[in-house]
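Protein chains get the first letters and strands the later ones, always in sequence-line order, with residue 1 at the start of each.
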There are 2 protein chains.
Amino acid sequence: MVPRKPREERINEITQAAIDVFLEKGYENTTMDTIAKKAGISKGGLYHYFPSKDMVLVSANEKISEKVGEIMESAGCCSSVREGILYYIENYIRYWLEHPKETAFLFLSIAKMLENPELLKYYQQYTSDYVAFFEGAFNLGIQLGEFKPHNVKASAITLMAALDGVLSYMIFDEELVLEEVVKQFEEKFITPIEV
Amino acid sequence: MVPRKPREERINEITQAAIDVFLEKGYENTTMDTIAKKAGISKGGLYHYFPSKDMVLVSANEKISEKVGEIMESAGCCSSVREGILYYIENYIRYWLEHPKETAFLFLSIAKMLENPELLKYYQQYTSDYVAFFEGAFNLGIQLGEFKPHNVKASAITLMAALDGVLSYMIFDEELVLEEVVKQFEEKFITPIEV
DNA sequence: CCTACCGATCGGTAGG
DNA sequence: CCTACCGATCGGTAGG
């Protein structure tokens with residue numbers, strides 16, 4: 001028997017269907033059957049592709065976070081390392097700010113992964129990529145003489161942490177303007193390490 | 001009919017029972033009946049004190065976060081504002097780091113509150129208290145000539161955000177030592193504003 | 001023995 | 001503050 005569609009593609013469709021329902025109804029209020037129906041598949045068929053609802057969560061989380069990878073890539077085109085990092089910070093915050101439901105889902109995913117040792121490794125992958133991005137950028141900046149030598153990994157983690165942390169604050173506090181926050185991040189995380 | 005115990009006390013007992021079960025089994029795997037049994041009450045009785053499972057979550061969250069208030073108070077006794085803020089940063093991180101289950105629960109609570117407009121106000125209360133603490137500290141520091149005048153609210157939010165954000169990183173990344181992280185926070189958030 | 005599924009139903013639980 | 005009980009639903013699995 002020949003598969004109608006490649007496995008990868010099917011997984012992609014299911015993940016997108018899951019995201020649609022998760023964002024509309026929340027994770028806990030979404031049934032596997034609803035996801036299956038939306039993906040044009042049976043529940044039994046869904047379990048052929050995903051071993052559990054948790055793994056659908058992980059897959060949805062990965063897909064939602066893909067946008068962040070794109071922002072990283074675009075940041076590479078900036079004229080200086082400094083501009084690249086600022087570009088990333090601004091667009092990272094902007095993306096989540098413009099997608100509050102995705103942000104709530106992101107936080108739920110983190111919570112789920114933190115409380116489930118089986119899932120923790122997916123979260124580790126997700127964060128180590130982001131930290132590596134900043135580490136690479138800082139190192140490049142040092143190499144190019146833009147930045148002073150410093151503890152690059154520690155800086156990268158603090159910056160990533162502050163970015164993640166600030167998201168939930170910004171969602172409900174309308175006084176917090178994007179430009180203000182970006183300026184803050186520039187003052188705290190970039191200016192001090194500049195040559 | 002005379003209540004056997006004051007309402008406040010009963011709510012406290014139930015909240016503690018709920019925390020015990022939440023931390024052991026996770027929020028979603030905890031039934032109202034289990035909480036009730038643990039608190040020595042019936043499920044019907046439990047609903048006399050809490051209108052919904054969500055409100056038990058909020059109450060549990062408040063109680064778990066009480067420790068943070070105590071750290072704030074202790075920080076007031078430090079010899080300088082600088083030392084007080086450092087004391088708070090160190091003990092805030094230490095507390096959550098030593099209680100990873102509580103941290104996972106905290107993140108879950110945030111996620112729940114972000115996705116439920118009804119609950120958002122509880123989260124707002126929770127954060128505005130913390131931001132106010134740092135705002136107060138920074139203002140005092142400026143008054144006493146320890147710190148340079150600067151955008152105090154923005155600094156407070158960025159610092160709080162970074163603190164919250166760094167927690168999830170530290171839980172799984174064992175390379176991240178408390179002292180290192182505290183040093184980072186000092187460099188980024190205190191040294192630059194010192195006179 | 002493998003793949004890509006399906007219709008039907010299980011044992012157990014939920015908040016109220 | 002309880003017993004009794006509801007309408008509905010869940011994630012996951014069976015055989016084919």
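B:S42 and B:K37 are not linked by any side-chain donor-acceptor pair at a separation below 3.5 angstrom, with hydrogens and angles left out of the test.
Minimum atom distance to the side chain of A:K53 is reached by D:dG11, of the listed C:dG16, D:dC2, D:dG11. You'll find that the side chain of A:Y49 is closest to C:dA4, out of C:dG16, C:dA4, D:dG11. For B:S42, the side-chain atoms get nearest to D:dT3 when compared with the rest of C:dC6, D:dT3, C:dT3. Across C:dG15, C:dT3, D:dC2, the shortest atom-to-atom separation from the side chain of B:Y47 is found for C:dG15.
Annotation: side chain of A:K38 is not in contact with side chain of A:T34 (no heavy-atom distance under 4.5 Å).
Residue-level contact check: B:L46 touches neither bases nor backbone, having no heavy atom under 4.0 Å from any strand.
Atom CD1 in A:I35 sits about 11 Å away from atom P in D:dC10, given to the nearest Å. Going from atom NZ of A:K37 over to atom P of C:dC6 covers 11 Å, rounded to whole Å. Rounded to an integer number of Å, the gap from NZ of B:K43 to C1' of D:dA4 is 11 Å. Taking atom CG of B:D54 as the reference point, atom P of C:dG16 lies 8 Å away to the nearest angstrom.
Of the residues in residues 25-34 of chain A, not one comes within less than 4.0 Å of DNA chain C through any heavy atom.
One N or O on the side chain of A:E146 and one on the backbone of A:V81 form a donor-acceptor pair closer than 3.5 Å. Between the B:K53 side chain and the B:Y27 main chain, a donor and an acceptor come within less than 3.5 Å of each other.
Neither A:V21 nor A:I14 shares a network with the other; the hydrophobic side chains, linked directly or stepwise wherever heavy atoms of I, L, V, M, F, W or Y lie under 4.5 Å apart, form separate groups for each.
Comparing D:dA8 with C:dG12, their P atoms sit 23 Å apart, to the nearest whole Å.
Closest non-hydrogen pair, A:I171 versus A:L97, comes out as N-CD1, 4.3 Å.
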